[in-house]
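Data block below; observations after.
These numbers come from a predicted model, not from an experiment.
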Amino acid sequence: MGEEKTKIVQLRNNEYYCMQEEFDVLNKRSKNKYVFHDLMKYINEDTNIRLAYRNIKNNGGSKARGLSGNNMDFISKMKLYKYLKKIKEQLDNYKPSMIKRVGIPKSNGKIRYLGIKEPIDKIVEQAIYQVLNPILIPKFHNNSNGFIEGRSCSRAISQMTNYIIKEKLYYVVDIDIKGFFDNIDHGKLLKQLWQLGIRDKNLLSIISKMLKAEVKGVGIPNKGTPQGGILSPLLANVVLNELDWWLDSKKNKGIRCVRYADDFKILCPTYQIASDMLDKTTIWLKKRLKLEVSEEKTKIVNLKKTNSYFLGLRFKLKKHKGKLKVVSNMTDKAIKNTTDKLKKQIRIVKKSKWNKKKCKEEIDKYNSMVIGTHGYYSKATNILSNLHKLGIIINAYINKNFLGVLTFNEDIDEDNFVVKTYGKKIPYIRGKPLALIEKVKYQEPKYKGDKIDYYDSKSRDKFYKELKIKKLYMTEVILKNPYLNKTVEFNDNVISKFCGQLGKYAFTNKMILDISNLKIVKRENTPFNNKYDNIILVEKKVKELIEKKEVDDLIEMIRLKKGLTSKQLEEINIIRKENNLLTI
């Protein structure tokens with residue numbers, strides 16, 4: 001669920017910046033085996049660079065600070081003209097900044113290291129990713145599911161389940177690659193990109209320099225890609241794409257492969273074939289990709305006797321009414337991680353319970369965790385049992401921490417998503433409903449043979465309706481006439497506001513058709529308050545009335561319009577109560 005939502009947001013961002021059609025063209029050319037010699041012209045486009053900011057400003061790593069101490073707020077406050085100039089200079093003569101190395105403790109006691117780059121380098125990487133992604137996706141095998149639009153963990157789980165049952169592949173080769181991301185061979189990766197039609201030497205040079213960016217405390221790496229890097233998942237798919245197609249060439253032996261990033265399973269009809277594939281794959285990985293497997297974790301699993309672990313689930317075959325069926329459960333590790341995560345968030349809610357606004361925000365986070373858990377693990381056949389047991393623990397923890405605060409007789413908000421999803425008989429904290437972890441529904445994994453193509457408009461229509469705003473030519477006009485002396489954040493939110501107002505002026509509700517008549521006012525005249533809610537797009541005459549503080553004339557002008565909407569009436573009340581709209 002989370003993966004798909006993120007990808008839909010990216011599609012909308014592409015439309016806001018009028019880039020989707022350009023990406024569609026690149027994708028189509030790639031399908032037709034086009035060789036790309038001049039990709040830097042696409043990467044260097046103003047709209048692509050501005051889109052890069054939009055795509056990463058709200059992601060999980062946007063607040064992470066590089067060695068300079070700067071995060072994405074540094075970019076947000078830059079004047080647009082300075083931002084565009086800085087990124088283009090970096091692309092023209094790329095010199096990566098030193099990478100900050102941060103260790104994240106894993107549940108097994110080991111440390112996972114992430115590389116945190118400077119904001120400018122993140123933007124450069126994102127701008128490259130946006131152009132490379134539509135080109136490389138058509139080259140990837142159908143059974144590669146990780147970090148690819150239209151594919152997901154759910155799809156990988158569905159594939160595995162169907163291969164086991166429908167093709168009777170009861171033996172699974174579990175292969176664990178030792179430190180995959182840390183051991184990617186740079187030279188091999190660049191050759192693979194070349195073979196896939198990426199022949200722009202300037203771009204390949206930039207990617208090479210990215211791979212060799214110095215890491216503080218470690219030095220200049222001669223192999224690997226930094227985990228947490230924007231390009232790393234895409235490059236990982238490039239590396240293992242060759243493996244996918246090699247395994248596909250062995251399908252005459254009756255085998256199938258399912259992969260999500262570096263986690264992959266080879267499903268086989270017999271033990272002998274599984275043993276043969278384990279040996280050959282181990283040799284092939286070492287010879288072709290210079291990657292070694294972990295002898296300790298690499299093994300053959302007979303699903304009739306033992307579990308196979310994949311993407312947080314454990315799979316096993318059991319007899320039911322004389323027939324073999326796949327039984328899947330959350331792994332013990334997944335249950336522990338989910339329990340710890342929910343308990344931690346409950347403690348955060350408890351700390352904020354006397355601050356109503358903060359408390360509601362933290363409850364929303366808790367609910368999103370529960371909903372995300374349901375969305376991801378609902379494909380497990382035993383999910384009801386798994387989460388029922390987990391629910392007993394979590395509910396007891398909630399009752400313990402909110403004794404005297406927890407209620408069950410609140411006024412029901414029928415439109416609340418949590419209420420609509422989980423029913424009326426749920427607990428409340430300070431008037432806010434809590435999603436119950438045990439209230440989950442099993443969703444049978446259904447493998448769709450025709451994957452969704454995010455770069456084909458007809459395929460996109462199967463799950464996603466393009467924004468009406470895309471048809472408004474003024475979107476492009478506004479993009480081509482930016483406020484260069486205003487901040488990056490301000491310009492990004494002007495685009496958002498134009499789309500949010502459906503291409504119409506606030507108050508008068510007329511279509512925006514003339515850039516010279518478009519003016520912008522702000523609710524609060526503070527230097528860096530360029531947030532979406534603070535910006536309003538109005539007609540020139542409305543701005544003039546606001547500047548003159550002639551609020552009565554403005555209200556009268558709006559009242560003359562017939563059929564005022566509730567939103568327009570709300571805007572009138574804002575003017576009445578605040579009388580503080582200010583021009584930029």
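Scanning all heavy atoms of the two residues, the minimum distance from T298 to D176 falls at OG1-N, 3.1 Å.
Taking the centre of each ring, F264 and F310 stay at or above the 6.0 Å mark.
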Practice problem: Might you work through the salt bridge (Lys or Arg N to Asp or Glu O under 4.0 Å) test for K63 and D73, ending with a clear yes or no? | Solution: CA-CA 8 Å; K63 297 299 179 185; D73 289 341; 3.3 Å; yes
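Cation-pi geometry between R101 and Y113 is satisfied (NZ or CZ under 6.0 Å from the ring centre, within 45° of the ring normal). Judged by the 6.0 Å distance and 45° axis criteria, K28 is not positioned over the aromatic ring of Y455.
The distance from atom CD of Q90 to atom CD1 of I120, rounded to the nearest 0.5 Å, is 7.5 Å.
Judged by distance alone, the side chains of N55 and N13 do bring a donor and an acceptor atom under 3.5 Å apart. No side-chain N or O of N241 forms a donor-acceptor pair with one of S144 less than 3.5 Å apart. No donor-acceptor contact under 3.5 angstrom links the side chains of S154 and Y376, judged on distance only.
Taking the six-membered ring where tryptophan is involved, the planes of W246 and W284 are essentially parallel, since the angle between them stays under 30° and well short of 60°.
With respect to the salt-bridge test (charged N to carboxylate O, under 4.0 angstrom), the residues K100 and E118 do not qualify. One finds no salt bridge joining D492 and R50 here, because no Lys/Arg side-chain nitrogen approaches an Asp/Glu carboxylate oxygen to under 4.0 Å.
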